[in-house]
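Read through the structure below, which is laid out as structure tokens, and then see the notes.
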Amino acid sequence: MKYLSLDVGGSKTSAVLYDENGIALNKIITKSAHVLQNDREVVIERLKETLQIVDDKNTTIVLGYAGYGKDVSVRRKIEDVCNEAFNEYKFYIVSDAMLGLKSSLNGQDGIMVIVGTGSIGLAIKDNEQFRCGGFGFKLEDEGSGYWIAHESLKVFCKMIDGRLEKTILYDEVIKFFNLENEYDIIGVIHNKDIDVRGLVSSFCKVVFKLSKEGEINCQRIIEEASIHISLLINTLACRFEKPVLATGIGSVIEHGEGFFNLVKNRLNNGITWIKPIKEIEYGGYLIGKNKDTN
């Protein structure tokens with residue numbers, strides 16, 4: 001038996017093929033197959049792309065899908081495209097957060113936050129699951145890559161007006177978004193023909209770079225982001241009566257020790273903040289193996 005594990009996020013889709021012992025055999029990364037960002041046909045095509053690394057129909061597929069949560073209509077859209085893309089295979093769908101939780105704590109009870117394009121906290125205790133955050137970028141997703149970048153663009157707008165003094169952040173926004181005129185940022189953000197959420201989120205790495213270089217606005221934004229992420233963890237920790245493990249995954253967490261330590265320093269007593277034990281796709285192997293043997 002082999003297992004294909006997919007991490008379907010807002011920026012990309014990564015898939016890893018594992019053997020029955022959890023050894024990674026192959027990996028492929030494609031564009032995002034998020035159902036709220038792409039047309040149905042595009043999503044199906046991108047999901048099918050991951051089958052390039054599958055050489056056996058006797059392969060169980062596990063998808064950790066961003067957005068597969070409480071919203072019934074979104075769940076149905078995800079189930080619809082998966083049924084179309086993987087109709088010849090046995091597959092299971094869970095949230096990307098559950099995939100991350102299983103992998104990062106290697107199946108143990110505890111807390112995990114995903115801080116990538118979006119943000120969400122998830123905890124599991126005695127087989128019971130709890131969540132915090134994860135309402136999507138139009139409502140919340142505070143501390144996420146999109147939130148960080150969007151906050152910096154709000155600063156940019158104030159710099160245009162003169163409400164704030166122009167710094168290197170102003171020049172970096174002009175360069176990154178290839179603006180001929182500073183007001184062109186309005187057209188970029190409202191362009192329905194591009195993945196604006198993904199584009200804006202990708203500016204997060206520039207905010208981190210400028211923060212390390214001492215840009216005061218970016219430093220404040222990164223500091224605030226760490227407050228939001230630590231609050232997710234501290235809130236979930238109330239579910240536990242004893243010391244609890246917590247970890248984090250995603251592009252924002254992976255920006256380096258700086259952000260990792262900012263979050264760590266804001267956690268309540270009794271929370272042990274560790275680095276992920278396994279890569280996120282490994283959670284799909286654990287879930288698939290468990291379902292196939294039980």
Side-chain angles (χ1 to χ4, degrees), residues 7-10 62-72 74-75 93-148 204 221-255 257-284 286-287 290:
D7 173 30
V8 185
V62 178
L63 299 101
Y65 226 113
Y68 196 71
K70 299 290 187 181
D71 191 314
V72 175
V74 175
R75 287 174 67 96
I93 311 171
V94 298
S95 68
D96 59 336
M98 177 53 74
L99 201 72
L101 180 59
K102 287 290 186 180
S103 62
S104 59
L105 295 175
N106 201 19
Q108 301 176 82
D109 282 1
I111 301 167
M112 184 271 313
V113 286
I114 294 180
V115 197
T117 303
S119 63
I120 187 173
L122 191 70
I124 190 165
K125 178 187 177 186
D126 300 328
N127 294 318
E128 188 174 2
Q129 180 182 330
F130 309 96
R131 61 173 282 170
C132 190
F135 291 95
F137 75 101
K138 289 186 178 181
L139 280 175
E140 190 215 29
D141 272 2
E142 294 169 328
S144 68
Y146 177 85
W147 182 90
I148 289 171
C204 174
I221 292 169
I222 299 303
E223 182 77 17
E224 288 181 7
S226 72
I227 293 173
H228 290 307
I229 300 308
S230 62
L231 182 58
L232 293 177
I233 299 171
N234 288 333
T235 301
L236 287 168
C238 295
R239 300 277 186 176
F240 296 81
E241 299 173 357
K242 59 183 180 180
V244 59
L245 290 177
T247 188
I249 61 174
S251 57
V252 174
I253 292 288
E254 294 161 4
H255 270 295
E257 292 291 335
F259 190 75
F260 190 92
N261 288 330
L262 281 175
V263 173
K264 179 180 179 180
N265 293 337
R266 294 185 178 278
L267 298 181
N268 294 337
N269 292 333
I271 303 173
T272 301
W273 179 240
I274 64 171
K275 292 187 177 180
I277 299 173
K278 297 284 188 179
E279 71 277 7
I280 187 170
E281 296 89 356
Y282 190 79
L286 291 175
I287 292 169
N290 181 66

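The figures here come from the full heavy-atom set of this structure, side chains too, leaving out hydrogens, waters and symmetry mates.
Few gaps surround NZ on Lys125; more than 12 heavy atoms of other groups in view lie less than 6.0 Å from it. No more than 12 heavy atoms of other residues, nucleotides or ligands sit less than 6.0 Å from atom CZ of Phe135. In this structure, Arg75 places its CZ atom where more than 12 heavy-atom neighbours from other residues, nucleotides or ligands lie under 6.0 Å away.
Looking at heavy atoms from C-beta onward, Met98 lies in side-chain contact with Ile287 at the 4.5 angstrom threshold. Within the 4.5 Å cutoff, side-chain heavy atoms of Val252 are placed close to those of Cys204.
Checked by atom type and distance alone, the side chain of Ser119 pairs as donor or acceptor with a backbone atom of Glu142 at under 3.5 Å. A donor-acceptor pair under 3.5 Å is absent between the side-chain atoms of Asn290 and the main chain of Leu286, judged by distance alone.
Taken from CG in Leu262 to CZ in Arg266, the straight-line distance is 7.0 Å, to the nearest 0.5 Å. In this structure, the separation between CD1 on Ile120 and CD1 on Ile114 is 7.0 Å, given to the nearest 0.5 Å. Note that CD1 of Ile280 is 4.0 Å distant from CG of Asp7, once rounded to the nearest 0.5 Å. Between the OG atom in Ser144 and the CD1 atom in Ile229 there is a gap of 7.5 Å [rounded to 0.5 Å]. To the nearest 0.5 Å, the span separating OG on Ser95 from CG on Leu63 amounts to 12.0 Å. Atoms NZ and CD1, on Lys264 and Ile274 in that order, are 11.0 Å from each other to the nearest 0.5 Å.
Closest of all the heavy-atom pairs between Leu101 and Ile111 is CD1-C, 4.1 Å. Across all their heavy atoms, Leu122 and Phe130 have their closest contact at CD1-O, 3.0 Å. Across all non-hydrogen atoms, the minimal contact from Ile253 to Phe260 is CG2-CD1, 4.2 Å. The two atoms that bring Ile271 and Ala246 nearest to each other are CG2-CB, 3.7 Å, heavy atoms only. For Gly64 against Leu99, the heavy-atom pair with the smallest separation is CA-CD2, 3.9 Å. In terms of heavy atoms, Asp141 sits closest to Gly134 at OD1-CA, 3.9 Å.
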Begin with the C-alpha distance, continue with both residues' side-chain angles, and end with the deciding distance and a verdict on side chain to side chain contact (heavy atoms under 4.5 Å, CB included) for Gln108 and Ile277. CA-CA 10 Å; Gln108 301 176 82; Ile277 299 173; 3.6 Å; yes
Under the criterion side chain to side chain contact (heavy atoms under 4.5 Å, CB included), I'd like the reasoning laid out for Ile233 against Asn268: C-alpha separation, chi angles, the key distance, then a yes or no. CA-CA 9 Å; Ile233 299 171; Asn268 294 337; over 6 Å; no
I would like to know whether Asp109 and Asp126 meet side chain to side chain contact (heavy atoms under 4.5 Å, CB included); could you show each step before the answer? CA-CA 7 Å; Asp109 282 1; Asp126 300 328; 3.7 Å; yes
